[in-house]
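Here the structure comes first, spelled out in structure tokens, and everything after it is commentary.
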Protein chains: 2
Amino acid sequence: MLPLTSGSFRRAVLLRIRSARLLSGHRGASGGPRCRWDPPAGAEELRGELDRFGGVSVRLARRGALDRLDAASFQRRLQGAVFDENTGKILVVQDRNKLKNMWKFPGGLSEPGEDIGDTAVREVFEETGIRSEFRSLLSLRQQHTNPGAFGKSDMYIICRLKPHSFTIDFCQHECLRCEWMDLSDLAKTENTTPITSRVARLLLYGYREGFDKIDFTMEELPAVYTGLFYKLYHKELPANYRTMTGMD
Amino acid sequence: MLPLTSGSFRRAVLLRIRSARLLSGHRGASGGPRCRWDPPAGAEELRGELDRFGGVSVRLARRGALDRLDAASFQRRLQGAVFDENTGKILVVQDRNKLKNMWKFPGGLSEPGEDIGDTAVREVFEETGIRSEFRSLLSLRQQHTNPGAFGKSDMYIICRLKPHSFTIDFCQHECLRCEWMDLSDLAKTENTTPITSRVARLLLYGYREGFDKIDFTMEELPAVYTGLFYKLYHKELPANYRTMTGMD
């Protein structure tokens with residue numbers, strides 16, 4: 001088993017070096033240091049590691065193990081619908097590598113321990129150069145990429161963001177185009193994904209009839225016993241239900 | 001490195017056997033076969049595995065690797081707020097091992113590839129014996145158990161469920177008590193967690209003024225290119241915004 005382990009260790013280390021080169025080669029090549037290229041999912045995990053007994057462990061069956069873990073848990077992706085209420089325009093991008101000519105909201109994967117709104121704001125900035133602020137959670141999508149018992153689950157959350165800057169400086173590794181588009185145009189165009197179209201129409205409804213109709217707002221509440229806080233998202237609660245005063 | 005690997009392999013296999021025994025010892029001991037005891041997170045992952053080169057791989061640095069993966073992804077927990085509109089009563093439980101005397105909604109972890117609503121319905125049945133049907137997504141909670149760069153994220157989703165059966169047969173491993181409680185009592189009691197109290201008040205608002213005020217409803221939409229479908233949750237969209245007919 002020793003030669004096999006050593007061989008696999010070399011392979012793992014080589015793959016890690018290649019991943020690292022690929023990563024550094026793309027990082028910051030355009031769009032400034034914030035413009036980041038993400039390696040394929042799991043590439044970072046195939047490596048030799050020091051264990052607590054002082055040895056080196058390499059997971060040969062990495063792919064299967066990752067699939068199981070991904071299935072038990074799941075990835076959290078965020079999209080930011082950056083809407084400018086003053087102009088009625090929404091920030092949209094076209095992917096460089098997939099879904100060409102399809103307008104969509106900028107976004108990406110959460111970092112470890114990162115809050116929903118923080119991911120959306122960070123990813124929008126990295127991809128488009130636009131600074132923004134979290135306003136609400138608009139929609140949640142669940143998809144099983146591989147249907148069946150060990151199908152990998154994927155969770156996409158779309159947030160409403162308010163822009164604080166307006167000059168686009170988009171990441172050319174990730175995006176082919178980036179624009180401020182009339183929200184009503186996005187709601188009608190065919191050059192978009194079904195989910196983008198649906199959320200554009202949802203936003204239009206909120207823009208015309210009040211965002212309270214569509215928003216899950218966020219509040220921080222204390223956790224029981226731990227002394228920590230958590231963030232809770234739901235429809236805004238009227239004041240009398242919030243305090244329960246004067247209610248039978 | 002060989003003796004270390006072999007020793008660790010023995011340890012890993014032993015731990016796996018212990019985990020399996022623990023699991024089989026608790027499963028189904030009361031509350032019927034649906035009443036299940038979950039092993040600690042990650043216990044299933046510490047084991048030797050055949051890899052594609054014909055060797056056996058054991059991840060000694062399992063704990064660290066799991067933490068990283070858990071941080072990059074996250075666990076999905078579901079709670080089911082089973083509310084009976086005919087009686088105004090809500091299904092609540094008290095945990096056997098933690099948060100004693102605190103009423104909360106039944107729930108638990110998603111299985112691989114399982115939809116949000118399906119998890120809530122299954123966990124409610126396993127924990128309380130009550131059969132129910134998914135109606136809407138009410139709230140989403142994000143908490144970082146260990147704050148910091150590698151803090152593990154946790155996502156709790158609370159669904160509104162409609163009961164189809166009413167005779168409680170609760171899992172005595174998980175619950176100390178299980179009751180149908182007046183929703184207005186749950187909204188006022190101090191013997192509950194802040195999140196349960198908040199969602200009880202949200203439900204009361206929906207019960208009295210229309211569930212359309214609080215629900216994220218679900219719809220299935222086609223994914224682009226893959227030919228698969230996904231489930232999308234957001235506030236109900238009025239018909240004219242849905243079709244965009246007659247809108248400028």
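Remember, predicted model here, so these are calculated numbers, not experimental data. Numbers restart at 1 for each chain; the letters A, B, ... are given by sequence-line order, proteins then strands.
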Report summary line: Note: vs chain B, highest number of non-hydrogen pairs under 4.5 angstrom among A/M218, A/E209, A/E236 is A/E209
Query raised in the report: Using non-hydrogen atoms only, which part of A/L202 is less than 4.5 Å away from chain B: side chain, backbone, both, or neither?
Result: both
Report task. Could you tell me whether a side-chain N or O of B/K235 sits under 3.5 Å from a main-chain N or O of A/K213, the two making a donor and an acceptor? Result -> yes
Query raised in the report: According to the interplanar angle, ranging from 0 to 90°, do the rings of B/Y233 and B/F134 count as parallel (below 30°), tilted (30 to 60°) or perpendicular (above 60°)?
Result: perpendicular
Report task. Kindly indicate whether the side chain of A/T196, heavy atoms from C-beta on, has any atom under 4.5 Å from the side chain of A/L186. Result -> yes
Report task. Heavy-atom pairs under 4.5 Å with chain A are the metric here; pick the option from B/P238, B/P222, B/G206 that has the most. Result -> B/P238
Report task. Go through B/L137, B/D212, B/I195 and name the one with the most non-hydrogen pairs under 4.5 angstrom from chain A. Result -> B/I195
Query raised in the report: Does any non-hydrogen side-chain atom of A/L140 lie less than 4.5 Å from one of B/H234?
Result: no
